[in-house]
Amino acid sequence: MDCSSQRSAANAVVREPKDGSFRSSRVALACMVNSEIGAVLAVMRRNVRWGVRYGDDDQVEHSLIHSFKELRRKIFTWQRQWHVIDPAVYLKPFLDVIQSDETGAPITGIALSSIYKILTLEILDSETVNVDKALHLIVDAATSCRFEVTDPASEEVVLMKMLQVLLTCMKNKTSVYLSNHHVCNIVNTCFSIVQQSSTKGELLQRIARHTVHELIRCIFSHLPNIGNRPQHVLAEGSKMSTETEVHVPTDNHILEGTEGVNANGSAKSDANALPLEVASDNPAFTSASKVDEEIKTLDLREVAQNGAESMMDPYGILCMVEIFYFLCSLLNVMEHVETGPRSNPVTYDEDVPLFAVCLINTAIELAGASFGSHPELLALVQEELFYNLMQFGLSMSPLILSTVCSIVLNLYHHLRTKLKLQLEAFFSRVLLRIAGSKHGSSYQQQEVAMEALVDFCRQPLFMSEMYANFDCDISCSNVLEDLANLLSKSAFPVNSRLSALNILALEGLISMIEGMAERIGHESSASERAPIELEEYIPFWMVTCDNYNEPSHWVPFVHNMKQIKKKLMIGAEHFNRDPKKGLEFLKGVNMLSDACDPHIVACFFRYTTGLDKNLVGDFLGSHDEFCIQVLNEFAKSFDFRDMNLDTALRIFLETFRLPGESQKIQRVLEAFAERYYEQSPDILVNKDAALVLSYSLILLNTDQHNSQVKEKMTEEDFIRNNRRINGGNDLPRAFLSQLYHSICENEIRMIPEHAAAATSAMSRSHWIGLVHRAKQSAPYIFCDSGPHLDYNMFAILYGPTTAAISVVLDHVEQDSVLQTCIDGYMAMAKVSASYNFINSIDDLVVSLCRFTNLLLPSLVDEEFILAFGDDAKARMATVAVFTIANRYGDQIRSGWKNILDCILSLNKLGLLPARLASDAVDNLEPASDQNLVIPPSSSPTPSTPSSIAPSRKSPGLIGRFSQLSYLDTEEPEPEPTEEKVAARQRSLQTIHDSHIDSIFVESKFLQAESLSQLVQAVLLAAGRPVKANNSLEDGVTAVFSLELLIAITLNNRDRIMLLWQGVYEHIASIVQSNVMPCALVEKAVFGLLRICQRLLPYKKNLTDELLKSLQLILKLDAHVADAYCEQITQEVMHLVKANAMQIRSHMGWHTIILLLSITARHPEASEAGFETLSFIMSDGAYLLPANYVLCVNAAQQFAESRFGNGDRSVRSLDLMAGSLDCLVRWFNKTKEAKGEEAALKMAQDIWEMWLRLVQGLRKVCVDPREDVRNHAILILQRCLIGVEVMDIPCDLWSQCFDLVIFTLLDDLVEIAQQHSAKDYHNMEGTLVLSLKLLSKVFLQSLDDLSQLTSFSNLWSRVLSCMERYMKVKFKGKLSERIHELVPELLKNTLLIMKSSRILLPSDKDNFWQLTWSNVENIAPSLQLEVFSSEELELLIKTQMKGFSPIQDGNAIVPPSETTA
């Protein structure tokens, strides 16, 4: 052993060259071989019997030593031609030692080390002569190694070196020259060592298992490089060779192989091979005897004569099939090992089936994709392997289950298109059952199964393919739906804390949802498809898709099939309750034809899942004629070609439960026998033979597998019972024997698969049926990464996932799981929004809001902020809620209420930014205090003196829009602790990350319906104000809600009509219900003004509607109006200056001017009001026919207002005077009007406005202030005489005299007589001005007035006024100025009337008498001054003759030249 250690060290030194090759030095090669020869000889010479052999006559050297010496003499002669030397020459001495049963373990071990060194140094390469034979010799020698066992340690060393040499052969570059036969021998020998190592040391066990794993990796990694070249097919039933085994006899301790190697390297049998014996009492190998028995029966597969040499070809698919079959057979050996609840799972190193599945997993990992290119391997996977996986999947060992799941996952990745029904069976019969604890599985098993399911859920295409291939296939179960329900159920903790299983289930659901979310936007999104409404039955049972590779074809196909499947499953439920009503229902939904075709009903029984197989069997066995027809059609739906009778019978009876009545059994088996004979007439001569034999098989099945039958039927009994049934002749004995053994080994289960699924593993009989159905099933649909089916899948997953996340989030404490839940919510929201699942997004919002803790009924500010800052769950939920609102607000409907409730709670706690309710324009302004946090808003109560009215000089309430009043505090609050400060900072950071303000700023992008729901939620939160005093909390909510409502309105100016009605009604209710100033009414009034300011420039069609809303301000209670009048006026001024051009209607101006008129009586507001009015009226800039009268009336009110100095009144009068220019300008435009009627109408309107103007001025003419009064008279005079171009009609002049001039003169006289000079200073001057006005206006309009029939009366009133003014006394004395002025004015008037031939003597007209009779009372001498005596006589004479001497050219004193 010391030498062995030295050799190992030497090997390490020799392997130092990087290329591992000694080809460059032939001398080095010879030295190396020489060194190995010396090493072997040195070990052999330790025993003297290897030195010489004594005979009768002389001493003879042992042949093994002699061969080494001969080789030593030759090797140095090969220096120049080493590569042409046959390797067998220098290998044979070493190989002879290995195969000799005379050598001990040390000698054999050193020889194996020498071979290992030769292989690792790559002395053998592809250029070496006869390299293939050399490798074969090495393998044959290693697999037939023999030696004397002197101690257990040395024995294990040799076995390890054997493994080392065999593995090195496979890893060597020249391993491609190994034959199929030798590769199989290598694997078989190594596995035998694995089996025997169970009684050896742990190191040997581990090395042996590792070596087998490496062998499998080497072999199957070569599979992808093998083309699908024709291979000789192995005969069915052949087994892998196990003759070349290493045996360890327990008696003589000699490990013998079962074959040797002759000179040419061919394998030969060894008749003296000892049987394998394993200590049966060793617990490390619980089933070693069964494995040993199976291995002994694995004889070399018989190969057809034309393929006898295939096993000696370079290794390829043939040996891989052999090896893979061998691995599968190891699982078959173990299928009877107990796997019930009481069995004790064993560890990895002790479990043969676990070792086998690990090897299988290794092979599939490396070459799984290539299995599909080789039918032999694929068939093994589809049938043997998957059946065993189904069995071992239900093992109680979590290790086995985990490895089985890994194999299935690899198979899913590589071969799922070839394993459709196998995968369905594994999911539904293994994983879902174990994860759902339906097999009495332990928690560890459930966890392993759940991990496997989650791994599948994480595969990008898994969910889509499960849905397309199974949930949309009428003959398959709803795998995806069942999986979703299972995961959701498993996520719920039952009377315990959250477990790893709960979290795993949640991760599976979230993985599927996140997969959908990632697919959004990659391609055209999936959409909802309208359900199919068939007007009549259309055959669909055998319909296939035109192209399963093109989504444009298969996507509509699976959608249609899913709709059909839903109706069929409903029909199946009805059928299970009442078959007759079930069929009637299917007719009603056009799933069956009205004529109830037997073929269609048979298809319904054959392909629909979920049917009660007992009812199906009873229906098919019924004697009713229609039922018999259905039975015949049902039998015709099977394909029994090239199928054994027992297999056909298994498949047939799998689809229903055979009835118990003999007559029904007779009818069913007759239909089966007829169909089987029709398709398989090779052995049976008629259908009667098939019927009798079928009966016989059922009886045999009952006999063999019924525990109550004590005496079982023998093979001879069975053959004897079936004599002369084949048309009077016997069936072949081999045929009957095969049927007998098939039934004995594999029971025909009379319980249908779906009924047996809940109680036991899948039987071989059911598996045979599944494999048969798999060959006829629709192709597996390979989905791409597009979201073609995501809409429908999300409809399935939404409910279970939402429930699962909510429950887990309610119980979870770990931050990582919290984040997983939140990520799940966000993914759900993204998918819901993408596919317009409105209700789902609302449900998500409601669920998340619950976890924010912001909806608790009572919130104590500081305590809650501290708790909120420390509650990661609440903070993460809060950010998630508002993130959903920002990203997916379009799809939120009822959820807005919960979101608003959270926002209101944050506002009460003082955690919101000060500018939260600002609109988008405000966000553009500098806001250094954006992140400041203000205390909660409070609505001041009427009892608070400081809150009754804001300071009238405070600038810009709109700029203070988000500021609310505070309650006075008696004492300063204590300083917060560091803990509270940190908690508040975390809370503030959460609010900052939530971007709550963006919800309202970006509300302009919301869909109309969502926006309406948001506004409704705000209105609901604000409530309906009442006149009673609200609570402080209600006031906070109302004010803040109003701010939000106004912000939303301002940001949605383009859709104002969608919101306006609700906004207006809410503001109106606030305005009309508050009788005292408060923050709420302040927000309402100025918010309304702000809305008008912002919207008027953009919504011309809404100008009247918006301005009409300002009438609410007029409805304010007097206290409220007085408190805010100045600020209101300021805002109205800004509104008018910015939007005067947009206001064109009378309605709009009426509201504006009315608001301005009110300010004329307010001391602080009048200044801004007059400024606004001046802006409108100055130079007629914004005067319109629509607002003219309104503006004049407003100017009149400002002129009459006592607030301010008299200068404002004078300026108001000037504004009124300046408006006359607008009337003149408008009148000139009447000439441009189309049509006389239009022109006349325009003129009449202008005359009416002029009359309103002079009437307004008349009222100011009696103002107590002298300067205002006198200025008003002058302005009135200007407006009366400056209208020559306006063609005032005579009747309007008469009306003007009656309503304006005479009324003014009467009022002035009355004031002068009844009021003291203190009240009305210098009325004398006012009367003088009024008389001049009368005279000038009369003379200006004399021509028009003279045309009136009532001119005499008007003239009489003029004279009466003059007479009355003559009598007015001031301080008891008559006015000298008036006495001088009146005669002058009258004289001038008379002269003009004279010149105008208006005043002439006439007997027929009393005008002359009227005139002079009144003049006599005023100035008796005026008649002679106007008419001399000569003129009077001449006029009288002329009048009598009908001729007047007065010519038109007589001088007339113009009115402007009259003297005072």
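Residue indices begin at 1 and follow the sequence shown.
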Report yes or no: does [X] contribute a side-chain atom to a donor-acceptor pair with the main-chain N or O of [Y] at less than 3.5 Å?
X      : Y      : value
Thr128 : Leu124 : no
Ser35  : Cys31  : no
Glu155 : Ala105 : no
Gln99  : Cys145 : no
Thr189 : Asn185 : yes
Asn34  : Ala30  : no

| Yes or no on side-chain contact (heavy atoms from CB on, under 4.5 Å) for Leu318 and Glu376, after CA distance, side-chain angles and deciding distance? | CA-CA 9 Å; Leu318 191 60; Glu376 301 96 334; over 6 Å; no

Distance in Å, [X] [atom1] paired with [Y] [atom2], rounded so as to fall on 0.5 Å steps:
X      : Y      : atom1 : atom2 : result
Ser370 : Ile364 : OG    : CD1   : 12.0 Å
Cys169 : Leu135 : SG    : CG    : 6.0 Å
Thr168 : Ile138 : OG1   : CD1   : 10.0 Å
Leu91  : Asp86  : CG    : CG    : 8.5 Å
Asn172 : Thr120 : CG    : OG1   : 9.0 Å
Ile407 : Phe386 : CD1   : CZ    : 9.5 Å

Is the shortest heavy-atom distance from the side chain of [X] to the side chain of [Y] under 4.5 Å?
X      : Y      : value
Cys218 : Leu215 : no
Arg206 : Glu202 : yes
Leu166 : Thr143 : yes
Leu366 : Leu223 : no
Val212 : Val187 : no
Ile123 : Met32  : yes

| field | Ile85 and Val129: CA distance, side-chain angles, deciding distance, side-chain contact (heavy atoms from CB on, under 4.5 Å) verdict | value | CA-CA 7 Å; Ile85 302 300; Val129 65; 5.8 Å; no

| query | Can Ser113 and Lys161 be said to form a side chain to side chain donor-acceptor pair (under 3.5 Å), step by step? | reply | CA-CA 7 Å; Ser113 295; Lys161 291 188 176 182; 2.8 Å; yes

| Is any NZ, NE, NH1 or NH2 atom of the basic residue among Glu365 and Arg217 found under 4.0 Å from an Asp or Glu carboxylate oxygen of the other? |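 Here Glu365 does not pair with Arg217 in a salt bridge, since their nearest N and O are not under 4.0 Å apart.
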
| message | Pair Ser67, Lys92 - check side-chain contact (heavy atoms from CB on, under 4.5 Å), show working. | response | CA-CA 8 Å; Ser67 62; Lys92 192 173 185 307; over 6 Å; no

| request: Given side-chain contact (heavy atoms from CB on, under 4.5 Å), test Ile193 with Met162 step by step and report yes or no. | output: CA-CA 9 Å; Ile193 297 176; Met162 287 175 59; 4.1 Å; yes

| request: Decide side chain to side chain donor-acceptor pair (under 3.5 Å) for His182 and Ser179; before the verdict, give the C-alpha distance in whole Å, the side-chain angles of both, and the deciding distance to 0.1 Å. | output: CA-CA 5 Å; His182 287 88; Ser179 67; 2.6 Å; yes

| message | Parallel, tilted or perpendicular: which one describes the rings of Phe371 and Phe220, with boundaries at 30° and 60°? | response |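 Aromatic pair Phe371/Phe220 classed parallel.
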
| task | Please check if the distance between the ring centroids of Tyr177 and Tyr315 is under 6.0 Å. | result |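 Not under 6.0 Å, so no.
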
| query | Does a side chain donor of either Asn410 or Asn361 reach within less than 3.5 Å of an acceptor in the other side chain? | reply |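 Yes, a side-chain donor-acceptor pair sits under 3.5 Å.
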
